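Read the structure below first, then the notes.
Because the structure is predicted, anything quoted here is derived from the model rather than measured.
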Amino acid sequence: MDLHLTCGDKVLDLSSPVIMGVLNITPDSFSDGGRFLQLDAALNHAELLVAEGAAILDIGAESTRPNATPVTEQQELDRLLPVIEAVKQRFDTIISIDTSSPAVMLAAASRGVGLLNDVRALQREGALQAAAQTQLPICLMHMQGQPTTMQQQPRYEDVIDEISAFFEQRIEACMAQGIARQRLLLDVGFGFGKTLNHNLQLLAHLSDFKVFDLPLLVGMSRKSMLGAILQGAPVDQRLYAGLSAAAIAVLNGAHIVRTHDVKATKEAVAVAHALLNS
Ligand code: 7PM
């Protein structure tokens, strides 16, 4: 595998673990600060993530939360574009955009974003065509069901086989659209239509996905699988479990770790990387 990924005007070196920091964008409904203060808060957060060592900032406005109200394409654009432009202007990191919307992909690409991160793996109408047009790398994430209902009855005959088959099918669909295979990254989608047991099987057998010979991205930071392991720990008490999970993922072949806690995660995965290189 080529361990260098061209992300627009930047090159991402995957020969050691890369940290993708999650940049929070406050939904309008939860904020009383107005546009300017929201942008200011996002930039302060971006500054922290970059200082802590994030090589990529993942920016998303469409909440994939199980109970979230869906966001219109226009709302997504209104929230994202000012943040993309401001972050691009101030920081030298690669910007990733967490979206399933073709219009958002195109608008973001024209503003210098370096990576597309789609939890729906380009299955939305027009997404394959839009992603192809951008020439950007794309993270294809697996999800069973839809965000609102995915945690009701997750069911698999064999979670590894089914996700592998899904990846094969999505890689094929991308290539049929003219997207070079080397532009793709894979993500098993921890917590997206999976029970704790499914998530643990995926973490334990993450190295099975090395057969695709594509970079693997993982995101377990603060997720409910950690809360379940810790017998009901709330979101703000899941840091150490998340660090353990991240280190295990890197040991099992992950190249990019998506996290809210950049500095701590960078240090945790450095141990796994040191061990792999020993
Ligand atoms: C509620 C539920 C809030 C889920 C936030 C989330 C991933 C992602 C997300 C991931 C990739 C979160 C998730 N998770 N993109 N976007 N991989 N590629 O916990 O695991 O941040 S949103």
Side-chain angles (χ1 to χ4, degrees), residues 17 19-22 24 58 60 62-68 98 100 117-121 123 139-170 185-212 215-262 264-269 271-272 275:
I19 307 297
M20 170 189 268
V22 181
N24 298 322
D58 189 42
E62 188 244 14
S63 184
T64 39
R65 213 160 285 124
N67 301 313
D98 195 340
S100 300
N117 175 26
D118 185 3
V119 300
R120 292 178 186 79
Q123 292 178 98
C139 179
L140 301 171
M141 198 197 79
H142 174 270
M143 165 164 59
Q144 185 181 80
Q146 295 302 314
T148 45
T149 51
M150 65 189 179
Q151 289 308 102
Q152 286 171 13
Q153 295 280 356
R155 255 204 71 83
Y156 297 85
E157 195 70 52
D158 181 315
V159 70
I160 310 293
D161 288 354
E162 286 186 44
I163 293 178
S164 293
F166 174 81
F167 286 154
E168 261 165 46
Q169 186 244 318
R170 295 318 298 158
L185 300 88
L186 304 176
D187 185 342
V188 298
F190 287 103
F192 285 84
K194 283 125 191 147
T195 63
L196 172 58
N197 184 254
H198 296 138
N199 290 317
L200 290 173
Q201 285 184 58
L202 288 166
L203 182 56
H205 297 281
L206 199 66
S207 59
D208 289 11
F209 297 98
K210 287 183 190 174
V211 296
F212 288 99
L216 302 177
L217 191 154
V218 294
M220 288 178 279
S221 177
R222 301 183 185 178
K223 285 188 179 174
S224 60
M225 63 179 282
L226 306 173
I229 292 167
L230 300 175
Q231 280 146 350
V235 167
D236 66 350
Q237 300 295 317
R238 297 174 185 170
L239 173 61
Y240 309 134
L243 301 180
S244 303
I248 294 166
V250 168
L251 202 55
N252 288 348
H255 297 89
I256 304 177
V257 179
R258 182 181 179 277
T259 182
H260 302 84
D261 306 292
V262 171
T265 304
K266 212 176 150 86
E267 293 182 0
V269 303
V271 179
L275 201 145

Check your understanding: If every non-hydrogen atom of Ala247 is compared with every non-hydrogen atom of Val269, which pair is closest and at what distance?
Key -> N-CG1, 4.2 Å

**Study point:** Atom of Pro154, atom of Gly193 and distance for their closest heavy-atom approach
**Key:** CB-O, 3.4 Å

Review point. Sub-3.5 Å donor-acceptor pair from the side chain of Lys194 to the main-chain atoms of Phe192, do we have one?
Key: yes

Check your understanding: Sub-3.5 Å donor-acceptor pair from the side chain of Asp158 to the main-chain atoms of Asp161, do we have one?
Key -> yes

Review point. Where does the angle between the aromatic ring planes of His142 and Tyr156 fall among parallel (under 30°), tilted (30 to 60°) and perpendicular (over 60°)?
Key: tilted

Check your understanding: Do Ser207 and Asn252 meet the criterion of a side-chain donor-acceptor pair at a distance under 3.5 Å?
Key -> no

Study note, to complete from the structure: Sorted by chain and residue number, the ring pair (Phe, Tyr, Trp, His ring centres under 6.0 Å) partners of Phe167 (sequence neighbours excluded) come out as Phe209, Phe212

Point to revise | Residue pair Asp187 / Cys139: nearest heavy atoms and the distance that separates them | key: CB-SG, 3.7 Å

Revision key, fill the gap. Nearest heavy-atom approach of Asn199 to Gly191 is OD1-N, 3.0 Å

Review point. Is Arg258 paired with Asp98 through a side-chain N to carboxylate O contact shorter than 4.0 Å?
Key: yes

Exercise for review: Please examine the side chains of Leu217 and Met20, heavy atoms only from C-beta on, and report whether any two atoms are closer than 4.5 Å.
Suggested key: yes

Check your understanding: Do any N or O atoms from the side chain of Thr195 and from the backbone of His198 form a donor-acceptor pair under 3.5 angstrom?
Key -> yes

Check your understanding: Do the side chains of Leu206 and Leu202 get nearer than 4.5 Å, heavy atoms only?
Key -> no

Check your understanding: If you measure from the Lys or Arg side-chain nitrogens to the Asp or Glu carboxylate oxygens, is any gap between Arg222 and Asp236 under 4.0 Å?
Key -> no

**Study point:** Distance-minimising heavy-atom pair for Ala245 and Leu226
**Key:** CB-CD2, 4.1 Å

Review point. For Arg170, what residues pass the salt bridge (charged side-chain N to carboxylate O under 4.0 Å, His left out) criterion, not counting sequence neighbours?
Key: none

Practice item. Please say which of Leu216, Ile160, Ile163, Leu203 ends up in a side chain to side chain contact (heavy atoms under 4.5 Å, CB included) with Val188. Key: Ile163

Review point. Going by heavy atoms in the side chains, are Leu243 and Thr265 under 4.5 Å from each other?
Key: yes

Practice item. Give a yes or no answer on whether the side chain of Thr259 reaches the backbone of Ser221 with a donor-acceptor pair at less than 3.5 Å. Key: no

Check your understanding: Is any side-chain heavy atom of Ile256 less than 4.5 Å from a side-chain heavy atom of Pro17?
Key -> no

Point to revise | Sidechain-backbone polar pair: Glu162 side chain, Glu157 backbone, donor-acceptor under 3.5 Å | key: yes

Point to revise | Heavy-atom check, side chain of Leu196 versus side chain of Ile229, under 4.5 Å | key: yes

**Study point:** Any donor-acceptor pair under 3.5 Å from Gln237 side chain to Pro234 backbone
**Key:** no

Practice item. For residues Leu230 and Tyr240, determine if any side-chain heavy atom of one lies less than 4.5 Å from a side-chain heavy atom of the other. Key: no

